[in-house]
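Both backbone and side-chain heavy atoms feed into the values below; hydrogens, waters and symmetry mates do not. One-based numbering, in listed order, for ligands and for the atoms of each. Computed from a predicted structure; not experimentally measured.
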Amino acid sequence: MKAVEDSKRLAYIESEIIEETQGMKEISKALREDDKAIQVSPHEGAIISGLLRIKQAKNIVEVGTLYGYSTSWFLEALTPEAKVWTVEKSVENANKAKQYLFKNKRANQVEVVHSSGKEFFNNWSGEDIDFLFIDADKGGYLDYLELALPFLKPGAVVVGDNTFLFGMALEKEPPKDYSQNTWRKMREFNKRLGLSDQFKGFMIPTLQGMTVGVKL
Ligand SMILES: C[S@@+](CC[C@H](N)C(=O)[O-])C[C@H]1O[C@@H](n2cnc3c(N)ncnc32)[C@H](O)[C@@H]1O
């Protein structure tokens, strides 16, 4: 079958299969205006939302909030007893996310935490986590996974975004003009979620790569 252009496939999905809320559109507009449009794309948001819906997750943690675009996709799929903690290191971004998420009909089910991902897990004293989404500093994914590990329930779902590492994760040798440590850690993160004693999983080959692991 002749390859169909990525842009055509995405346009089909985003115009006919999934739908952003007004709140999501408002956040995307603000991100464009502030020159910070690095949020997940709508079809990726819909994937995460769908996984959450299938999992019926109760305690959900996100590392890397930005203005709350991906968080808004989570909120679409929450059961009434679910709660989301979304962790953001930048106070500016965390405040923006609070401002936008406050308007969401499920605002009472989300807490924007101004913290680094590491600090957050080091201080976590809540119930065990059953869904973890990581979309923050690329060198930190493996650290967050390891720090969260004691709190992940069996069956917990872990999702990492941008896990092709802009194509570099596909290379077997470390790239020349990029952090070798980040490259090594991202490859280890993917492998750990895919094939290890702790997780079984897969990668969804979105343009940027999305790794999904289920805690054994
Ligand atoms: C790609 S953006 C997140 C996009 C968001 N998930 C979305 O799709 O709407 C990455 C975010 O991670 C935050 N970040 C970077 N390092 C972090 C850290 N160590 N702990 C928590 N957040 C961090 C950045 O400030 C930035 O807002």
Practice task
Kindly identify the option in Lys118, Glu44, Lys89 whose heavy atom sits closest to atom 21 (C) of ligand 1.
Solution key: Lys89
Exercise for the section: Could you check Lys36, Lys96, Glu26 and say which one makes a side-chain contact (heavy atoms from CB on, under 4.5 Å) with Leu31? Expected result: Lys36
Handout entry: Which of the ligand 1 atoms, numbered from 1, are nearer than 4.0 Å to a heavy atom of Gln39
Key = 7 (C), 8 (O), 9 (O)
Exercise for the section: Compute the shortest N/O to N/O distance between Tyr144 and ligand 1 and return yes if it is under 3.5 Å, no if not. Expected result: yes
Practice task
Looking only at distances, please establish whether an N/O atom of ligand 1 is found under 3.5 Å from an N/O atom of Gly68.
Solution key: no
Handout entry: 4.0 Å heavy-atom contact, Glu62 with ligand 1
Key = yes
Exercise for the section: Report, as yes or no, whether the 6.0 Å neighbourhood of atom NZ on Lys29 holds more than 12 heavy atoms from other residues, nucleotides or ligands. Expected result: no
Practice task
Note the single closest protein heavy atom to atom 27 (O) of ligand 1, along with its residue, its atom name and the distance in Å.
Solution key: Glu88 OE1, 2.7 Å
Handout entry: Distance-only side-chain donor-acceptor flag, Asp137 / Tyr144, under 3.5 Å
Key = yes
Practice task
Have a look at Glu188 and tell me which of Arg192, Arg184, Lys185, Lys191 forms a salt bridge (Lys or Arg N to Asp or Glu O under 4.0 Å) with it.
Solution key: Arg192
Practice task
Can you sort out which atoms of ligand 1 are near Asn93, meaning under 4.0 Å from one of its heavy atoms?
Solution key: 25 (O), 27 (O)
Problem - Under 3.5 Å: N/O of Ser116 near N/O of ligand 1 - result: no
Handout entry: Side-chain (Ser49) to main-chain (Phe74) donor-acceptor, under 3.5 angstrom
Key = no
Problem - Check against ring-ring contact (aromatic ring centres under 6.0 Å, His included), Phe166 and Tyr178 - result: CA-CA 11 Å; Phe166 318 108; Tyr178 192 76; 7.0 Å; no
Practice task
May I ask you to check whether Ser70 has an N/O atom sitting below 3.5 Å from an N/O atom of ligand 1?
Solution key: yes
Handout entry: Student check: side-chain heavy atoms of Val159 and Phe131 closer than 4.5 Å
Key = yes
Practice task
Before signing off on this row, confirm whether Asp135 and ligand 1 have an N or O atom pair separated by under 3.5 Å.
Solution key: yes
Practice task
Using a strict cut-off of 4.0 Å, indicate which atoms of ligand 1 neighbour a heavy atom of Ser115.
Solution key: 21 (C)
Practice task
Please answer whether the main-chain N or O of Lys153 pairs with a side-chain N or O of Lys215 as donor and acceptor at a distance below 3.5 Å.
Solution key: no
Problem - Atom indices of ligand 1 within 4.0 angstrom of Tyr69 heavy atoms, with elements - result: 9 (O)
Practice task
Output yes when the distance from some N or O of ligand 1 to some N or O of Val40 is under 3.5 Å, and no in every other case.
Solution key: yes
Practice task
With rounding to the nearest 0.5 Å, note down the distance linking CG in Asp135 to OG1 in Thr71.
Solution key: 9.5 Å
Handout entry: Those atoms of ligand 1 less than 4.0 Å from some heavy atom in Asp137
Key = 15 (C), 16 (N), 17 (C), 18 (C), 19 (N)
Exercise for the section: Could you check atom 12 (O) of ligand 1 against the protein and tell me its nearest heavy-atom contact, residue, atom and distance included? Expected result: Gly64 CA, 3.4 Å
Problem - Atoms in ligand 1 flagged as close to Gly117, the criterion being non-hydrogen separation under 4.0 Å - result: 18 (C), 20 (N), 21 (C)
Practice task
Specify whether Trp124 and Phe120 have parallel, tilted or perpendicular ring planes, treating 30° as the upper limit for parallel and 60° as the lower limit for perpendicular.
Solution key: tilted
Practice task
Just jot down the ligand 1 atoms closer than 4.0 angstrom to any heavy atom of Ile38, in number order.
Solution key: 1 (C), 2 (S)
Exercise for the section: Tell me, please: is Thr65 in heavy-atom contact with ligand 1, that is, under 4.0 Å? Expected result: yes
Fill in the blank from the handout: The protein heavy atom nearest to atom 14 (N) of ligand 1 is Ala136 CB, 4.0 Å
Handout entry: Side-chain donor or acceptor of Glu44 paired with backbone N/O of Ser41 under 3.5 Å
Key = yes
Problem - Thr79 and Glu81 side chains, donor-acceptor separation under 3.5 Å - result: yes
